Structures are given as C-alpha cells and as structure tokens.
Novice: 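The following block contains the structure, expressed as structure tokens.
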Protein chains: 4
Amino acid sequence: MDTQKTQRTRRKESRPGEILDAAFEEFVEKGFAATRVEDIAERVGVTKGTVYVYFKDKEALFDATARNVGQWLFTAMDQIHLDPATSCRDQLLTFLKEFYRIVANDRKSREILRLMLAEGRRFPGMVDRHYNEFFEPSCRRLQGIVKQGILTGEFRESNVQDMPEIFFGPSLLMTIWSLMFEEQRHFNIERYVAADLDLLMHGLATRPAASLEPIRPPSSQDGL
Amino acid sequence: MDTQKTQRTRRKESRPGEILDAAFEEFVEKGFAATRVEDIAERVGVTKGTVYVYFKDKEALFDATARNVGQWLFTAMDQIHLDPATSCRDQLLTFLKEFYRIVANDRKSREILRLMLAEGRRFPGMVDRHYNEFFEPSCRRLQGIVKQGILTGEFRESNVQDMPEIFFGPSLLMTIWSLMFEEQRHFNIERYVAADLDLLMHGLATRPAASLEPIRPPSSQDGL
Amino acid sequence: MDTQKTQRTRRKESRPGEILDAAFEEFVEKGFAATRVEDIAERVGVTKGTVYVYFKDKEALFDATARNVGQWLFTAMDQIHLDPATSCRDQLLTFLKEFYRIVANDRKSREILRLMLAEGRRFPGMVDRHYNEFFEPSCRRLQGIVKQGILTGEFRESNVQDMPEIFFGPSLLMTIWSLMFEEQRHFNIERYVAADLDLLMHGLATRPAASLEPIRPPSSQDGL
Amino acid sequence: MDTQKTQRTRRKESRPGEILDAAFEEFVEKGFAATRVEDIAERVGVTKGTVYVYFKDKEALFDATARNVGQWLFTAMDQIHLDPATSCRDQLLTFLKEFYRIVANDRKSREILRLMLAEGRRFPGMVDRHYNEFFEPSCRRLQGIVKQGILTGEFRESNVQDMPEIFFGPSLLMTIWSLMFEEQRHFNIERYVAADLDLLMHGLATRPAASLEPIRPPSSQDGL
DNA sequence: TATGAATGAGCGTTCATTCAT
DNA sequence: TATGAATGAACGCTCATTCAT
C-alpha cells in the first residue's frame, strides 16, 4: 500500500516521449476533439496534471505529436538511398519499393494521413510541413528520375514527367485501405505492390513488354 | 395565407434534407466530435431543438448524413454506363474518366473520404456500406473489364487482374490532394488524368505504344 | 417527485436580474477569484449552465454586476436635489446628509467600495466608470456650493474650495468601518454624522459658532 | 568557499523575510485567491517547494504576510511621539501630520487597507488585530487629546470627543484614492493635508478664526 | 534546505439533450 | 412542428500541495 502510494516515478527525460506516443495512439483513434487528455495520461500511467507539466495545452500536445510522427516519416524518406550508377528504372523501383516498405511496415506513417485529413483544417501548419518536407521533395526526386530516364531513353515521354505525384497513387490507396479496413479486410500487399510496379514499368518503358518481373516487395511485419 | 401555408408545408417537407446538407458541411469541416448541433441548426436557420424533431441524436444525424452523401456517390457510380459493344480499352477509359468526372466535380464525393477516415472508427457501419456499395462493386466491374480485355487480347496478363483496386490509386491521390490542400495548391486535373490514363493504357496494352492519346477529361467546374 | 423534476421554471426576463443579485452577494463575500459560478447559480436556484445562458463568462458576469450596482449609486446621487434658493450651508448639509442616508441605508452602495478596492486592478473600467459617474460629478457639485458660499460670505476662504473630495472623508470612514467590522462592532451613525457636520460647519463658517445644531441624520434601517 | 557559505547562511536566514515581501506584493496585486504560490516563489528567485519549507500553506503565508506588514504600521504608530508639554492643538496637529506622513510615504501602510477589505472575511483575525493594535489605540489617543483640549479650553465641546475616528476620515480618503487610482490621477497631497488640518482646527477651536496657518505636511517621496 | 516532478481536487466552460410552451 | 430556456455530464486546465531526491 505504502509503496503504491509512493510510486511517484521521476523521469523528466523520458516522459515527453512517452506522452507523445500515448497521445499519438489516442489522437489517431478518436481524433483531436474526442480525445481526452486524461485518457492519454492514463495510457502513460500518470495523471492528467502531468501532461500539463510538459505541454501547454491539448493543442500544443497535438502539435508536438504531429511533429513527432512526422519526423519519423521525413527521416525514413531521407534514408531512401538511390544509386545514381544504376538505371533509372532501378532507381524508380528502389524508391517505390522503399516507400512501400515504410508505409507497409510502419503504422505511424500511415496514420499520419488520417491526422492530416481529419485535423488538417484545425492544424494547417501540420499539413504545410508535410507538404514541404515530405511530399514536395519526394515528388522532385521522382520527377528527377523520370526526366533522367527519358534522356537515357529508358522511359518514353509522357505527361507523367510533370505529374510525379501520380506515383504515390497506388501506395496511397493501400494506405487508405489499411486506415479504413484495418485488420478486417485482407489485402495482399506483395501482389499489390507487384501489380503496381509491373503496370508502371510497362507504362513508362520505351520498349514493348520488357521481361522485367517486379522484384518482391518487402514482407510486412506490421500486419497491414 | 395560402402561399404562406404552402411554403410552410414545402418547408416542412424539405427540412430533413436541409438539415442533412448543413450537417454534412459542418461534419466535414469540423469532424463529428467538434461539430455543434447548434451550428448545424443555425446554418439551416432553425434552432437547436428543431434538429431533434427530425433526428434522435447527433449520432443518428451523422449516420443519416453519411447515408445521404453516400447515396449520391452510389447513384453516380451506378450511372456509369459502359457499352459492351466497345473495346475493353474504351470501357476502361470510360469508367475511369467518368469516375474522375464525379470526383473532380462533386466535392461531396471527395469529402466522403474524409468522413470515412476521420470517423470510420466511430461509425464502422458507414465504412462497411461504402465498401459494399461502392468499392467492392466498382472493383468487380473493373476486374471484369480487365479480364475480358485479356481474353480479347487487348490487355496483357498481369497481377492487375486480381488487384483492380489499383485503378483507384491515382484518382484517390487527386482526391486526397484536394482534401488536404483545397484551394491553396494548384493541381492541373486535366493533365493529371491524361497522365494517369496514358500510363495505364501503356501499362496494360499488349502491343507497344499504340497511338491512344487520352481523351480530355471533363472540365471541372468545382474548382478542385 | 415528478413536479420537482419538471420544475424547469421559464422566466427569461427576470433571470438576468436574479443572477446579478446573487452574483453581487457572492462577489462581495468572496471576491472575484474565489467566487464559484456554481454558488451563484445555486443562490438563484438554477444550475451552473443557466448562468452561461445569460452571461458569456465569469468576467462578463462580474462586469454586469458592477454596472448593475453602480447604476444604483449613480441614480441615487442624481436624485439628491439641492434647492438653489436655500443657503449654501443648507445645500451642503442637505447634500451630505443625503449621501450619508444613501450610504447608511444601502448596503450595495457600500459594498461597491469593496469591489473597487479588491477587484479594481482586474476591472479598471469599473473604477473609471465610478470616478466619472460618481466621484468627479459629486466633487464638482460640492465645490460649486463651497465657492458660492465664499462669494455669499457664508464660508471663509480656504484650501477646501479646491479639495472638495475631503467632504467624503468621514462618510468614507463610516463605510469602511461597516465593510470591515460589519455587525460586529457598534457604530453610532447618528452621532457620527452629527459630529461630522458640526465639525464641518464650524470649520467652514466665517463667523464663530453660529447656533447651527446639525440636523439629525436619517435613521438607518440597514443595520450598519 | 567561505563567502559562499556566509552568503548562503545569510540568504537562508533572510529567506522568510524575502518571501513575505514577495507575498505581500502578490497578494496586494491579485488578492489571496488569485495569487499563485509559484509567482511568489519566482519573485524571490526560488521554487514553489521552498515556500512550503517556511510556511505550512498559502493561508499561513497570507497570515504571516499580514502580520508582517501590520507590524510596520503598528510600530510606526507607536513612534508618533506627542509632547504633553505642548498645546493640545499642536499635539493633534502633530499626530495627524505624522499619520499623513506614514500613509503618504509608505505604500505598505496603504495596501493594508486593501487586504483588509478584500480578504477581511477570510481572515477575520487580521481585521481584529488591526482594530486592536492600530485603530482602537489611535482613537484613544486622539480622544485623549480632544478631551484634554476641551478641559484646557482650546477646543469647544462637541460630539467629536466621542467620535475620534472621524479624524481618520480625510486621510482614509486619500488612502483610498491612492489605492483606486494609483498613479493615474493626480492628487495634491500637501494642499489636501493643509485643507484637512485647517478645516479641523477651525472646526474644533473655541475662538473664531485664529490665525493658525497649517504647517506644511511632509513631502511625499512615495509618489502617491 | 531546496528542488521540481507528480498529484488530484476543483473550477470554468461547453454542449448534447430535454421539455414545457 | 418549432422554440429556447434549462439541464448536467463532461472535459480542459490550474494550482496548492506533497515528497523523493
């Protein structure tokens, strides 16, 4: 009994991170408005007041949460390394497969999208940040590869070179599927990725049906 | 007096619909939890209590709202008529262009996605309904066209025939873009649609690059 | 039981006034910060929420309360009628006796001072209002009488003609006494007023000690 | 190291006093309820917990604060020395001028009044103490002078001899003025004191208008 | 002695919902 | 059918207080 009551753990350093993780789960599950600060605290095993020791208010907590998960994604994207010595086709494949890997394995990177759509109007800064730090740079990279591929003769010319965002379409669908149906409806990621890449490569290629069987996408441990 | 009463009657009969429209705007703007019943009422020009005359509670109102907008989409999809006498390629193009037309011109059909992601957990029935009435049937239709096209030799065999949902990827991206950035960031729909269809047709086609310039997508009056 | 529960009284018109009265009592007893909105509501016999039907927040309620009581005082002061046909001495006596009457009989007019001192920093507008609507005009009136009295030879010249606020000193002391000691310490108002006026008249008079016994001040029913 | 320790020691010894001073400023500015212990601590440059090392709780801190400032006043009043060899008129003048000097120069002695009115109900002991240690004895002294003056024939008989508190009226008005309007509205203390004493002396005197020009009151360095 | 992380009771405020009219 | 005054549960946030260090 005594020990119970005295269990006021002291760990200033780890607390913010713990709270941020808990907050992420709650915000993602209920949305900003329906999330109770107390539930977040409970998840961490502290009381309401503790949350306010580290965050000014619920909005600041949400903002920090969004930055926190955003960082994950930005970092992961930055770590997609493309070897300029390889063909543009390979670079494109690598980029997209890596992106699929991220999105398939990391639930956080998927839930970001939900936050974006659900709370973007209340937190426009969050949307801007993701546009500037994730979407725009990624599109630039993709566009670079496509344009280069046209120069080398690997890819045919088409409107795609000015619309690189289109490459994110299929992975987005997979993400949305995951967010909407969760564990309830099965989705064969590997075949889906294969279909996407196969379709894409054939769509972009200069030559007819090159025999480029799509490389296996990474297995998802995250239970998409 | 007569007109008065007639107006009143007409008013009464249309009330639920007016409320549903207002509710849609509010729910879409703020989300379920952050939406105030009073704001919905105000939009219609009635008082809070009136809303409760027609709807049991806020949840019922949301549910009805979701059904209401869903109906729009379901109906629109049902009206995509495909001529079996035309080529599979044309049928596919027609289907996708019609879908783009719907999604580009009708903000409601886009906002549904937001509701789905933001409130799907609270209203799983809504998600199921859309899966059953929109997504699944559409995928079946698409799959049918693809399979048929393979039989006729128009399309090559690929994983795509089992993953028809992939066709929705690019239009989904456009939708998400619209939902996230709204008027703030320009998006050239026509070229985007062209790029999508062009890429797709080349990706699916058996023969190299037949001269199938993508038909102009419908102009959007909706200001995506 | 049923009647109890159904006793949702409906009286939009009288509510604000009732609440203002209750708020006054609470604010005066506990101060702004320590007053609970719920206690105010309870005093009226409604619930917390009802208060917010009529007042935006606690500050607005305080402000309205202050205006409400202030009005009492301003009106009462305006109704002090001085007959210009009478001597300046009589006019001065009348004014002061009337003021004593107000302050002695009306607890509200006394408690205003408490609010002023206790909450003036938080509600500077309230202080300004009282200065402009009560203090300054009253001083002007008093100064007018004194100056006139000097012209007519009733009063001798002195610094007092430029410091009419000094006339409020003794009544202020009585007020403070009341606010501080309430029922606990006896205070003989009548003799106090007599002493004040007597001292004043002798202090102002040109001639020695004219036989001006101070008129009895009004009996206080308010239990100062 | 030595200086360090000495400083520390000195620091420790003076801590309660420092806290009391800080507490006074905060309580006076915000009132008891609205004052945050943390703000007091911050003023001293320590943390919240430290305050609780020296004071049991906020109430105890307030109580100590009130005693502390009260002591100032009590001591100052005790130091008003009256020469029994001088005339009663002079003694009365001396007393009042000294009191004006205290009140005009020492903000604390004025703010006490605010605490008294604002928090008197919560801390009745504070009020009693001031009554017993300041007000009552002062009135006794004043009454003594007046009665003596009547015996010596300096003062005429009047109700004032039983109502010595009236002498505090004008200085109270000055105090209230200061508390309410602070620096915002000018107040000419010297002329005000002159007017008060002049009026008083004429009011009390047996003989007509003795040529007793009021001695200059002490200049106020406190910026009333 | 001093700290500051943690607590939790408490209060202001909101808003879905009810119900008498 | 429509109103809107009233309700009261719920939640964000504050802050006095505690206590292990």
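Here is the naming used below: chain letters follow the sequence lines, and residue numbers restart at 1 for every chain. Basis for what follows: all heavy atoms, side chains included, without hydrogens, waters or symmetry-related copies. Only a predicted model underlies this, so the values are computations on that prediction, with no experimental measurement involved.
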Novice: Testing the basics here: between B/Met126 and B/Leu115, what is the closest heavy-atom pair and its distance to 0.1 Å?
Specialist: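 Heavy-atom minimum between the residues: CE-O, 3.6 Å.
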Novice: D/Glu25 versus D/Thr35: any side-chain heavy-atom pair under 4.5 Å?
Specialist: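 In short, these two side chains do not touch, never coming nearer than 4.5 Å.
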Novice: Quick one: A/Lys56 NZ to F/dC13 P, roughly how many Å, whole number?
Specialist: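 A/Lys56 atom NZ is separated from F/dC13 atom P by 8 Å.
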Novice: Reading DNA chain F from 5' onward, which residue's closest nucleotide shows up sooner: C/Val46 or A/Glu59?
Specialist: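 Between the two, 5'-proximity favours C/Val46.
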Novice: Find the distance A/Lys30:NZ to F/dG12:P and express it as a whole number of Å.
Specialist: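 Result: 10 Å.
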Novice: Between E/dC15 atom P and B/Glu26 atom CD, what is the distance in whole Å?
Specialist: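 Taking atom P of E/dC15 as the reference, CD of B/Glu26 is at 12 Å.
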Novice: Does any N or O in the side chain of B/Lys108 come within less than 3.5 Å of the main-chain N or O of B/Leu73, such that one atom is a donor and the other an acceptor?
Specialist: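 Here the side-chain-to-backbone pair does not exist.
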Novice: Does a nitrogen or oxygen in the side chain of B/Thr50 sit under 4.0 Å from OP1 or OP2 of F/dT3?
Specialist: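 Yes, B/Thr50 has a side-chain N/O under 4.0 Å of OP1/OP2 on F/dT3.
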Novice: What are the two closest heavy atoms between D/Pro16 and D/Phe55, and how far apart are they?
Specialist: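 Smallest heavy-atom distance, with atoms named: O-CZ, 4.2 Å.
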Novice: Where do C/Ala23 and C/Thr65 come nearest, in terms of heavy atoms and distance?
Specialist: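 So the minimum-distance heavy-atom pair works out to CB-OG1, 3.4 Å.
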Novice: Starting the side chain at C-beta, find the nucleotide from E/dG4, E/dT7, E/dT1 nearest to D/Val53.
Specialist: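 Selected nucleotide: E/dT1.
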Novice: Quick check: do B/Val28 and B/Arg107 have side-chain heavy atoms less than 4.5 Å from each other?
Specialist: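 Yes, at least one pair of side-chain atoms sits under 4.5 Å.
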Novice: From CD of D/Glu42 over to C1' of E/dG4, roughly how many Å is that when rounded to an integer?
Specialist: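 Rounding to the nearest Å, CD of D/Glu42 and C1' of E/dG4 are 14 Å apart.
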Novice: Please say which of C/Ile40, C/Leu61, C/Val69 ends up in a side chain to side chain contact (heavy atoms under 4.5 Å, CB included) with C/Leu20.
Specialist: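 That would be C/Leu61; it is the only one of C/Ile40, C/Leu61, C/Val69 passing the side chain to side chain contact (heavy atoms under 4.5 Å, CB included) with C/Leu20.
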Novice: May I have the distance from A/Arg15 (atom CZ) to E/dG4 (atom P), rounded to whole angstrom?
Specialist: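 Between P of E/dG4 and CZ of A/Arg15: 17 Å.
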Novice: Can you tell me the distance, in whole Å, between the CZ atom of A/Phe32 and the C1' atom of F/dC11?
Specialist: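 It works out to 12 Å between those atoms.
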Novice: Within this structure, what is the CG-to-P distance between B/Leu61 and E/dC15, rounded to whole angstrom?
Specialist: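 To the nearest whole Å, that distance equals 16 Å.
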Novice: Could you state the atom-to-atom distance from OH of D/Tyr54 to P of F/dA16 in whole Å?
Specialist: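 My rounded result for the distance is 20 Å.
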Novice: Only one of D/Glu26, D/Glu29, D/Glu182 forms a salt bridge (Lys or Arg N to Asp or Glu O under 4.0 Å) with C/Arg121, so which one is it?
Specialist: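 That would be D/Glu182; it is the only one of D/Glu26, D/Glu29, D/Glu182 passing the salt bridge (Lys or Arg N to Asp or Glu O under 4.0 Å) with C/Arg121.
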Novice: Go through the N and O atoms of the side chain of C/Lys58 and the base of E/dT13, and report whether any donor-acceptor pair is under 3.5 Å.
Specialist: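 Under the 3.5 Å cut-off, the side chain and the base do not form any donor-acceptor pair.
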Novice: Please list every stem that involves DNA chain E, where a stem is a run of 3 or more consecutive Watson-Crick or G-U wobble pairs with both pairing distances under 3.5 Å.
Specialist: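 As far as DNA chain E goes, consecutive pairing (with distances under 3.5 Å) yields the stems E:2-21 with F:2-21.
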Novice: Scan residues 33-41 of chain D against DNA chain F and write down, sorted by residue number, each residue with any heavy atom closer than 4.0 Å; if none is found, say none.
Specialist: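 Only D/Thr35, D/Arg36, D/Val37 qualify.
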Novice: Any heavy-atom pair between the side chains of C/Glu59 and C/Arg122 that's under 4.5 Å?
Specialist: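 Sidechains of C/Glu59 and C/Arg122: in contact.
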Novice: Spell out yes or no: do the side chain of D/Lys48 and the base of F/dT17 have one donor N/O and one acceptor N/O closer than 3.5 Å?
Specialist: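 For D/Lys48, whose side chain was compared with the base of F/dT17, there is a donor-acceptor pair (under 3.5 Å).
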Novice: Which comes earlier along DNA chain E counting from the 5' end, the contact point of B/Gly49 or that of C/Asp57, where each point is its nearest nucleotide?
Specialist: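 The residue closer to the strand's 5' end, by nearest nucleotide, is C/Asp57.
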